[in-house]
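What follows is a set of notes on a single structure, which appears directly below.
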Amino acid sequence: MAKQENLFDKMMSIDRRVIYLLLGLAVIVPAIFPFDVPVATTPEVESVFHFVDSLGTGDYLFLGVDYDPSTMAELHPMTKAILSQCFSQDVKVIITALSQNGPGMVESIINEIADQYGAKNHIDYCFLGYKPYPGIVVLNMGVNFKLTFPNDYYGASLDTIPVMQGIKNYTECAGVIDVCAGNIADMWIQFGNGRYGVPLALGVTGVMASDYYPYLQSGQIFGLMPGMKGAAEYESLSGYKTTGIRSMAYQTSTHVIILAFIIISNIGWFLSRKEEKKIG
Amino acid sequence: MGTAELLWNGLAALLTLFIFSFLYRDNVFYKFAERLVAGVSAGYWTILLYHTSFTDKVIVPIFEQQHYWYIIPSILGIMMWTRFSRKWAWLSRISLAFYIGIATGVALPIAMYASIYRQLQASMVSISLDWAGINSALVTIGLLCSLAYFYFSKEHDGWFGGISRVGIYTLMIGFGAGFGLTVMGRISLLIDRVLFLKDYVLTLFGA
């Protein structure tokens, strides 16, 4: 005879579709009844903001936008905020897209922000585009951009691009900020910072974040923006608000649901164990 | 929003709903959307690689710039394709040996420096009686106890068992932080799609 399920067993075996439904509701409800959530900033995001804020007219920043549409939800807001801050401060930006499905998406985000600030391609920024094997690309760019990118994304020779005159490699930039999903961040830590000693900050997806905190503690990166929370913090500091801050209310409601399920299943587990001990 | 953009966004919204339908159960709409993504990604990448690798690294240097030494890596590249022939597959090992040798030579010393030496250095900091000092002490204790947990030449009992138990707790705290951040990441993807659908519906009805 099958063992009859008691309440505690039921608490631990909720149908996954019920969980999906409740999570869906937790996201849909704030969409219908919006509310704001205060965003506290952390030192690791503040240091990235203050670094970009300290740059001025004529300074160069190297921005790696090394992700593709699958992670744009988390990383687009921070890329937009950094680009807008650079363009508003007249900082020259050199950009790559080292994720294979990313170049088209990166081009569109650059155009969107550049249009807002009247920034001009080849004058205020240069989009180098994509080349395979990110490790080799990062190593070569530490010597000379032209080794890997004789031409930019649009096929113009780097020798003819005004913004690329007088700058040879990324060590001549004030620093590198790599917004990425995947192991390109490791290439920047090992080759960019390790080999050439360039000041490096990272913007990473939430899944990756815990792997990169040790590099923050060791000083190999000077700042870290972890996922959507990092983006929301950066938006709050820079004042350029898109989906980062907007999504914090949704994050809060879904996290409450997930916490509730974790608590329910743990209570169920402890109580059922107690019951089993009682029965012997 | 123009008509073309409205139609493209409509298609994107439809495909989003197709993907979400998998949450109920596997179905033909989900399969269609999934295969479309795989096909589009593969096609995009193939063309991108053709232009950024084959054109930029073979056609332009050899035929336009007359840099004939690029023929050597091109031959090594062609030799990789011999893997499809049983008779000639051994030739691909030469290319592979070349590639692995270079990659290892370049990566190993730098990886050792960045991932091991610098991390070890960061765990050997002075301990003081302020918050920074307490943090440093926690890092050192956590590191030593976690290493003890992975030391299997001595039985984990007595004082050594206690240390390795602290190591387990340290690891569990790390996994917990990782899980929390993963949840945030996955939920972010859901939020982005819901915001996209909301904005699309509002645009559609002129709100």
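Letters A, B, ... mirror the listed sequences (proteins, then strands); counts begin at 1.
Looking only at heavy-atom pairs under 4.5 Å with chain B, the residue among A:Gly227, A:Pro226, A:Pro132 that has the most is A:Pro132. In terms of heavy-atom pairs under 4.5 Å with chain B, the best-connected choice from A:Gln220, A:His76, A:Met208, A:His255 is A:Gln220. Contact count against chain A (heavy-atom pairs under 4.5 Å) is highest for B:Ser41 among B:Ser136, B:Ala177, B:Ser41. The most heavy-atom pairs under 4.5 Å with chain B, out of A:Met228, A:Gln100, A:Arg17, come from A:Gln100. Chosen from B:Val183, B:Thr52, B:Val40, the residue pairing most often with chain A at heavy-atom distances under 4.5 Å is B:Thr52.
When heavy atoms are compared at a cutoff of 4.5 Å, A:Tyr133 approaches chain B solely by way of its side chain, counted from C-beta outward. Using a 4.5 Å cut-off between heavy atoms, A:Ile136 makes no contact with chain B at all. Looking at B:Val60, there are no atoms closer than 4.5 Å to chain A (heavy atoms on both sides), in backbone or side chain. Contact of B:Arg186 with chain A is made through the side chain alone, with heavy-atom distances under 4.5 Å.
Taking both residues in full, the closest heavy atoms of A:Gln190 and B:Ser115 are given as NE2-OG, 3.5 Å, listed atom of the first, atom of the second, then distance. The two atoms that bring A:Lys131 and B:Asp56 nearest to each other are NZ-OD2, 2.6 Å, heavy atoms only. When all heavy atoms of B:Asp192 and A:Ala73 are compared, the closest pair comes out as CB-CB, 3.2 Å. When all heavy atoms are compared, the tightest approach of A:Val27 to B:Ile191 is CG1-CA, 4.2 Å. Considering all non-hydrogen atoms of both residues, B:Leu23 and A:Arg16 come closest at O-NH1, 3.4 Å. What you find for A:Pro103 and B:Leu48 is that their closest heavy atoms are CG-CD2, 4.0 Å.
In this structure, the separation between CD1 on B:Ile110 and CD1 on A:Ile189 is 13.5 Å, given to the nearest 0.5 Å. Note that CD1 of A:Ile32 is 8.5 Å distant from NZ of B:Lys198, once rounded to the nearest 0.5 Å. With rounding to the nearest 0.5 Å, the separation of CG in B:Leu49 from OH in A:Tyr130 is 5.0 Å. If you take CE on B:Met184 and OG1 on A:Thr205, they are separated by 8.5 Å, rounding to the nearest 0.5 Å.
Side-chain contact between B:Arg118 and A:Asn193 is present, with at least one heavy-atom pair separated by less than 4.5 Å. The side-chain heavy atoms of A:Ile262 and B:Phe179, taken from C-beta on, include a pair separated by under 4.5 Å. Residues B:Tyr24 and A:Leu21 fail the side-chain proximity criterion, which asks for heavy atoms closer than 4.5 Å. The shortest side-chain heavy-atom distance between B:Leu181 and A:Lys229 does not fall under the 4.5 Å cut-off. A heavy-atom distance below 4.5 Å is not found between the side chains of A:Tyr20 and B:Phe20.
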Given the rule in the side chain to side chain contact (heavy atoms under 4.5 Å, CB included) test, do B:Ile187 and A:Tyr250 qualify, once you have shown the distances and angles that lead to the verdict? CA-CA 9 Å; B:Ile187 294 296; A:Tyr250 300 78; 6.0 Å; no
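No more than 12 heavy-atom neighbours from other residues, nucleotides or ligands sit within 6.0 angstrom of CG on A:Asp36. For B:Tyr50, the OH atom is loosely surrounded, since the number of other residues' heavy atoms within 6.0 Å does not exceed 12. Within 6.0 Å of OH on B:Tyr149 lie no more than 12 heavy atoms contributed by other residues, nucleotides or ligands. No more than 12 heavy atoms of other residues, nucleotides or ligands sit less than 6.0 Å from atom CD1 of B:Ile72. The neighbour count for B:Phe160 CZ, taken as heavy atoms of other residues, nucleotides or ligands under 6.0 Å away, is above 12. Counting non-hydrogen atoms of neighbouring residues, nucleotides and ligands closer than 6.0 angstrom, the CZ atom of B:Phe29 reaches no more than 12 such neighbours. Taking a 6.0 Å sphere around CZ of B:Phe152, one finds it holds more than 12 heavy atoms contributed by other residues, nucleotides or ligands.
No side-chain N or O of A:Ser218 forms a donor-acceptor pair with one of B:Gln121 less than 3.5 Å apart.
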